[in-house]
Novice: 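Sharing a structure with you now.
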Amino acid sequence: MESIEKLIANNRAWADALKARDPEFFAKRENDQAPHFLMIGCSDSRVPLEVMTGALPGDMFVHRNIGNQVYATDFNVLSVIQFAVQVLRVEHIIVCGHSNCGALRAAEQPAGMGILDHWIAGVRNTIRRHRGELDGCGSEDERLRRLSELNVLQQVGALSRTPTVLDAWSTGKRPLLHGWVYDIGTGHLDKVVEAIDGVERATALLPTG
Ligand code: CO
């Protein structure tokens with residue numbers, strides 16, 4: 001996939017294929033969206049959230065950033081969450097981490113990457129909090145895998161403390177929060193935590209480490 005023209009050609013072929021199956025496919029979606037899911041994932045090119053879940057246009061509201069972070073000070077992710085919960089009324093919010101994440105690898109290294117150091121400061125805090133457990137991992141691969149799970153749990157916890165989610169839970173069980181890790185080497189998703197529907201379960205998410 002090296003040429004810009006190829007991207008446009010692929011787009012036309014994709015749209016034609018969907019229209020061949022359902023002539024009204026795009027017209028039906030033109031004026032409204034009603035996705036059931038908000039997915040928050042990493043920007044990594046190997047982790048295509050809609051492709052790997054078979055989601056079609058209209059199925060999934062999406063936010064991506066480096067390391068799938070949910071910061072309480074990030075207007076971008078907070079706005080996405082508010083719109084998804086209050087306007088689109090999504091039923092599920094999924095934080096999706098992945099294996100071999102560059103952000104997590106970088107957080108294991110000393111600082112020295114400029115603005116990226118600020119962005120991954122939260123991951124460094126997670127490493128500090130769970131150093132005992134991480135140092136006990138048998139290999140670098142195992143350690144990075146566990147860190148990807150801990151990072152996802154941390155972000156689901158952060159999600160559960162956003163004003164939008166707390167407001168929604170004060171009147172019901174929606175949205176349900178989920179944490180997944182995607183394995184780049186197999187293409188498979190694994191659940192880390194599922195269907196968090198209130199403050200009590202959310203506060204019990206992370207083991208002390
Ligand atoms: Co990543």
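Quick note: residue numbers are just sequence positions, from 1. Start at 1 and go down the list; that is how both ligands and their atoms are numbered.
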Novice: Report all side-chain donor-acceptor pairs from residues 66-73 shorter than 3.5 Å, counting only partners two or more places apart or in another chain.
Specialist:
| residue | atom | partner | partner atom | Å |
| --- | --- | --- | --- | --- |
| Q69 | OE1 | Q155 | NE2 | 3.4 |
| Q69 | NE2 | G67 | O | 2.6 |
| Q69 | NE2 | N151 | OD1 | 3.1 |
| Y71 | OH | W119 | O | 2.4 |
| Y71 | OH | G122 | N | 3.0 |

Novice: State whether R124 and E108 are salt-bridged, where the test is any N-O pair (Lys NZ or Arg NE/NH1/NH2 against Asp/Glu carboxylate O) under 4.0 Å.
Specialist: no
Novice: Kindly say whether H188 contributes a backbone atom to a donor-acceptor pair with the side chain of D183 at under 3.5 angstrom?
Specialist: no
Novice: Can R21 be said to sit on top of F25's aromatic six-ring, NZ or CZ under 6.0 Å from centre and within 45° of the ring axis?
Specialist: no
Novice: Compile the donor-acceptor pairs under 3.5 Å between side chains in residues 194-201 and protein atoms, sequence neighbours left out, one pair per line.
Specialist:
| residue | atom | partner | partner atom | Å |
| --- | --- | --- | --- | --- |
| E194 | OE1 | K191 | NZ | 3.1 |
| R201 | NH1 | E194 | O | 3.4 |
| R201 | NH1 | A195 | O | 2.9 |
| R201 | NH2 | E194 | O | 3.3 |

Novice: Which protein N, O or S atoms lie under 2.8 Å from the Co ion (ligand 1), given by chain and residue number?
Specialist: C42 SG, H98 NE2, C101 SG
Novice: Could you pull out all residues at least two apart from Q86 that satisfy side-chain hydrogen bond (donor to acceptor under 3.5 Å, both in side chains)?
Specialist: Q82
